[in-house]
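Just the heavy atoms: all of them, side chains too, but no hydrogens, waters or symmetry mates, feed the values below. Residue numbers start at 1 and run along the sequence shown.
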Amino acid sequence: MDEGQLFNVDPLESRAARGNGVVTSKGWIIRHDFALGDSQNLDFAPGCPGEQPVHRVFVDPGGSHCIATVVISGVAETFYMHAKWARPKSLPRLKGLLVNAVAWNRQLITEASTKEVILGTQNGQLFEMAVDEAEKREKYVKQLFELTDLREPITGLQMETASVGNSTRFYVMAVAATRLYSFTGIGSLEIVFARYAERRIHFMELPGEIPNSELHYYIVQRRAKHFGWLSGAGIYYGDLNFGVQHRPTC
């Protein structure tokens, strides 16, 4: 690396290929261990001819859990992969759901279990699920919410939790192309979202269209302190205060 150069980009060697396409367009995911310097090729569409594009791949902050959605013969299939496994496992309860975004529960997740995970879909739906490494399948799948007034794909999700006595306060943010939604409440995720069936949903709307709208939290000592939303109008950002309520700052 040259003196004064902050970053250096090197090609990652891999022989993974099906046909002549790019690996991920053929249902492959490459898992690379930078500590050992080796790669493992994971086939998420074994035995399926033709192109089976990988739609999205999500890895938890600790690197133990991976969720991937692959479009196989025109149908969305979602898989789960643990860092210790050699092969991914299909999650049949999610078949047909095109997953665009995943929110991990950073405060409760462990190496052995995902705990609560929120999935955002192409149809504007939010689902909750959990997977244990030992059981090798989804423990449950629950639909939490569905956008109805403006049915846009959910493209970004984030979740934070805080202890309130013996209970847990959940704070969830979700973005679509033109809106940022926020949900908060005490109890389980199912209880929190059930309340929004009868109450107004808080959202912020910005002009402009963007196909890859994103939402990210800035984490300090395992706590979300700020958020940033990439929208068609630019980047909207703010501070997060989970002690009382969300207080955005532009």
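- Grouping the Ile, Leu, Val, Met, Phe, Trp and Tyr side chains by contacts below 4.5 angstrom, directly or via other members, places W85 with V54.
- A continuous path of ILVMFWY side-chain contacts below 4.5 Å connects L91 to I72, so both sit in one hydrophobic cluster.
- Between the CG atom in L98 and the OG1 atom in T78 there is a gap of 8.0 Å [rounded to 0.5 Å].
- Listed by first and then second residue, the salt bridge (charged side-chain N to carboxylate O under 4.0 Å, His left out) pairs involving residues 98-108 are R106-E160 (not counting sequence neighbours).
- Taking the side chain as every heavy atom from C-beta outward, H82 and S64 approach each other to under 4.5 Å.
- V131 approaches E138 most closely through the heavy-atom pair CG2-CA, 4.0 Å.
- One distance of note links OG1 of T161 with OH of Y171; it measures 14.0 Å at 0.5 Å rounding.
- Hydrophobic clustering, defined by side-chain heavy atoms of Ile, Leu, Val, Met, Phe, Trp and Tyr closer than 4.5 Å, leaves V75 isolated from every other such residue.
- Among pairs with a residue in residues 150-159, those fulfilling salt bridge (charged side-chain N to carboxylate O under 4.0 Å, His left out) read E146-R151, at least two apart in sequence or across chains.
- Contact between A176 and S213 at its shortest, heavy atoms only, is O-OG, 3.1 Å.
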What verdict does the salt bridge (Lys or Arg N to Asp or Glu O under 4.0 Å) test give for D239 and K225, after you've listed the backbone C-alpha separation in whole Å, the side-chain angles of each residue and the deciding distance to 0.1 Å?
CA-CA 6 Å; D239 300 324; K225 297 296 183 180; over 6 Å; no
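- Side-chain contacts under 4.5 Å among hydrophobic residues (ILVMFWY), followed directly or transitively, place L157 together with I118, L126, L144, F145, L147, I154, M159, F170, V172, Y181, F183, L189, V192, F193, Y196, I201, F203.
- Proximity of Q125 to Q143: side-chain heavy atoms (C-beta onward) are separated by under 4.5 Å at one or more points.
- Pairing each heavy atom of A177 with each of W229, the nearest pair is O-CZ2, 4.3 Å.
- Between L206 and T178 the shortest side-chain heavy-atom distance does not fall below 4.5 Å.
- No continuous path of hydrophobic side-chain contacts links V175 to I210 [ILVMFWY only; heavy atoms under 4.5 Å].
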Given the rule in the side-chain hydrogen bond (donor to acceptor under 3.5 Å, both in side chains) test, do N100 and T155 qualify, once you have shown the distances and angles that lead to the verdict?
CA-CA 5 Å; N100 285 338; T155 58; over 6 Å; no
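- Annotation for K139 and E135: closest pair CG-OE1, 3.5 Å, computed over non-hydrogen atoms.
- Counting all heavy atoms, side chain and backbone alike, F79 lies closest to P88 at CB-CB, 4.2 Å.
- To the nearest 0.5 angstrom, S167 atom OG is 6.5 Å from I186 atom CD1.
- Remark: L119 CG to F127 CZ distance equals 8.5 Å, nearest 0.5 Å.
- A donor-acceptor distance shorter than 3.5 angstrom exists from the side chain of H65 to the backbone of T110, with no hydrogens or angles considered.
- Side-chain atoms of D60 come within 3.5 Å of backbone N or O of G63 as a donor-acceptor pair.
- Minimum interatomic distance between L240 and A224 (heavy atoms only, all atoms of both residues): CD1-CB, 3.8 Å.
- Members clustered with V220: Y218, by chain and number, using a 4.5 Å side-chain heavy-atom cutoff among hydrophobic residues.
- With contacts defined as side-chain heavy-atom distances shorter than 4.5 Å, the pair P61/W104 qualifies.
- None of V71, T69, V70 except one satisfies the side chain to side chain contact (heavy atoms under 4.5 Å, CB included) rule with P53; the exception is V71.
- M81 and F58 fall within the same hydrophobic cluster, defined by Ile, Leu, Val, Met, Phe, Trp and Tyr side-chain heavy atoms under 4.5 Å apart, directly or through other members.
- Between R56 and V99 there is no side-chain heavy-atom pair separated by less than 4.5 Å.
- Between the side chain of T114 and the main chain of V117, no donor-acceptor pair closer than 3.5 Å is present.
- E128 and Y140 are linked by a side-chain donor-acceptor pair at a separation below 3.5 angstrom, with hydrogens and angles left out of the test.
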Steps toward side chain to side chain contact (heavy atoms under 4.5 Å, CB included) verdict (S90, E77)
CA-CA 7 Å; S90 174; E77 297 259 10; 3.8 Å; yes
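- Identified under the salt bridge (charged side-chain N to carboxylate O under 4.0 Å, His left out) test for residues 109-123, with sequence neighbours left out: K84-E111.
- Side-chain atoms of N105 never come within 3.5 Å of backbone atoms of I109 as a donor-acceptor pair (strictly under, hydrogens ignored).
- In this structure, NZ in K95 is found 11.5 Å from CG in L97, a value given to the nearest 0.5 Å.
- Within 6.0 Å of CD in E190 there are 12 or fewer heavy atoms belonging to other residues, nucleotides or ligands.
- In this structure the side chain of V57 reaches within 4.5 angstrom of the side chain of C66, judged on heavy atoms.
- Rounding to the nearest 0.5 angstrom, the gap separating the CE atom in M173 from the NE2 atom in H216 is 12.5 Å.
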